[in-house]
Q: 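Dumping the structure here so I can ask a few things about it.
Reminder, nothing fancy here: chain letters follow the sequence lines and each chain counts from 1.
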Amino acid sequence: MRIYATVDSIPEGRVSTYGRIAEEAGIARGARQVGAALRDLPGDRKIPWHRVINAAGKISHGSPAQAALQRRLLEREGVTMSEAGKVDLASYVWP
DNA sequence: CTCGTGACTTTGT
DNA sequence: TACAAAGCCACGA
């Protein structure tokens with residue numbers, strides 16, 4: 001629950017990393033757990049899972065389809081990325 | 001209690 | 001930029 005609440009607090013047009021979220025949620029080094037939580041997400045939840053990326057600013061998971069979807073959702077909110085699909089954390093990560 | 005697993009992270013080639 | 005190795009942590013078998 002802590003994880004869901006934290007992810008839900010990320011405003012539109014901003015992103016956050018697994019590590020940051022884990023810390024915010026109380027799990028100091030549980031970045032993986034955050035990923036697991038999002039992975040098992042039903043989908044009908046009102047959670048902006050697409051604003052969650054890894055420390056490198058990239059999408060590190062699953063099917064190309066899923067990655068493409070996440071990228072599309074982010075760009076729709078104004079988050080730009082390099083060709084390699086890398087987000088400029090310095091300007092989009094949530095403080 | 002021990003093992004395997006994984007939408008991670010760091011560090012070093 | 002890409003890959004490997006070694007940490008880390010909650011969970012379930």
Side-chain angles (χ1 to χ4, degrees):
Chain A
M1 292 310 310
R2 308 276 255 132
I3 295 177
Y4 295 153
T6 304
V7 174
D8 196 42
S9 73
I10 302 173
E12 191 178 298
R14 287 301 188 78
V15 300
S16 192
T17 67
Y18 294 98
R20 284 292 305 283
I21 293 173
E23 206 174 337
E24 280 278 325
I27 312 169
R29 292 157 204 70
R32 314 183 76 114
Q33 283 67 328
V34 173
L38 296 183
R39 182 208 339 142
D40 305 326
L41 207 55
D44 52 330
R45 294 254 179 175
K46 302 180 183 177
I47 296 175
W49 58 273
H50 55 279
R51 308 206 185 117
V52 184
I53 55 189
N54 65 21
K58 292 198 291 188
I59 297 173
S60 61
H61 62 85
S63 65
Q66 196 68 148
L69 168 64
Q70 177 164 11
R71 176 171 182 163
R72 193 164 56 72
L73 289 172
L74 284 176
E75 296 185 318
R76 188 191 326 190
E77 297 184 347
V79 178
T80 63
M81 343 180 45
S82 68
E83 287 218 8
K86 198 170 44 182
V87 175
D88 180 2
L89 292 176
S91 38
Y92 291 112
V93 85
W94 189 59

Q: Just by distance, do the side chain of A/Glu23 and the backbone of A/Ala28 share a donor-acceptor pair under 3.5 Å?
A: no

Q: Expressed in angstrom and rounded to an integer, what is the separation of A/Asp40 atom CG from C/dG12 atom C1'?
A: 13 Å

Q: When the distance from CZ of A/Arg39 to P of B/dT5 is rounded to whole Å, what number comes out?
A: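 Rounded to whole Å, this separation is 13 Å.
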
Q: Take atom CD1 of A/Ile3 and atom P of C/dC11, then tell me their distance rounded to the nearest Å.
A: 9 Å

Q: Where do A/Lys46 and A/Asp8 come nearest, in terms of heavy atoms and distance?
A: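 Result for this residue pair: O-OD1, 3.1 Å.
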
Q: Considering only atom P, compute the distance from C/dC8 to B/dG12 and round it to an integer number of Å.
A: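 It works out to 15 Å between them.
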
Q: Tell me the interatomic distance from A/Glu83, atom CD, to C/dA2, atom C1', rounded to whole angstroms.
A: 18 Å

Q: Ignoring hydrogens, what is the shortest heavy-atom contact between A/Leu89 and A/Ala55? Give both atom names and the distance.
A: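 Answer, listing the atom of A/Leu89 first, then A/Ala55: CD1-O, 3.1 Å.
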
Q: Write out all pairs satisfying salt bridge (charged side-chain N to carboxylate O under 4.0 Å, His left out) with one or both partners inside residues 77-95 of chain A, taking only residues at least two apart or from two chains.
A: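 The answer is A/Arg51-A/Glu77.
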
Q: Tell me whether the OP1 or OP2 atom of B/dA7 has a side-chain N or O from A/Lys58 closer than 4.0 Å.
A: no

Q: Please tabulate, one pair per line, each protein N/O and nucleotide N/O from nucleotides 8-12 of chain B that are separated by under 3.5 Å, including the distance.
A:
| unit_1 | atom_1 | unit_2 | atom_2 | d |
| --- | --- | --- | --- | --- |
| B/dC8 | OP1 | A/Ser60 | O | 3.1 |
| B/dC8 | OP1 | A/Ser60 | OG | 2.3 |
| B/dC8 | N3 | A/Arg32 | NH1 | 2.7 |
| B/dC8 | N4 | A/Arg32 | NH1 | 2.3 |
| B/dC8 | N4 | A/Arg32 | NH2 | 3.3 |
| B/dT9 | OP1 | A/Gly19 | N | 3.4 |
| B/dT9 | OP1 | A/Ala55 | N | 3.2 |
| B/dT9 | OP2 | A/Ala55 | N | 2.8 |

Q: Choose from C/dT1, C/dC9, B/dA7 the nucleotide whose nearest atom is closest to any side-chain atom of A/Ala84.
A: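 Closest nucleotide among those given: C/dT1.
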
Q: According to salt bridge (charged side-chain N to carboxylate O under 4.0 Å, His left out), does anything in residues 62-73 of chain A pair up with another residue at least two apart or in another chain? List the pairs.
A: A/Arg71-A/Glu75

Q: Tell me the closest heavy-atom pair linking A/Tyr18 and A/His61, and the distance in Å.
A: OH-CD2, 4.1 Å

Q: Rounding to a whole Å, what distance do you find between A/Ile59:CD1 and B/dG6:C1'?
A: 18 Å

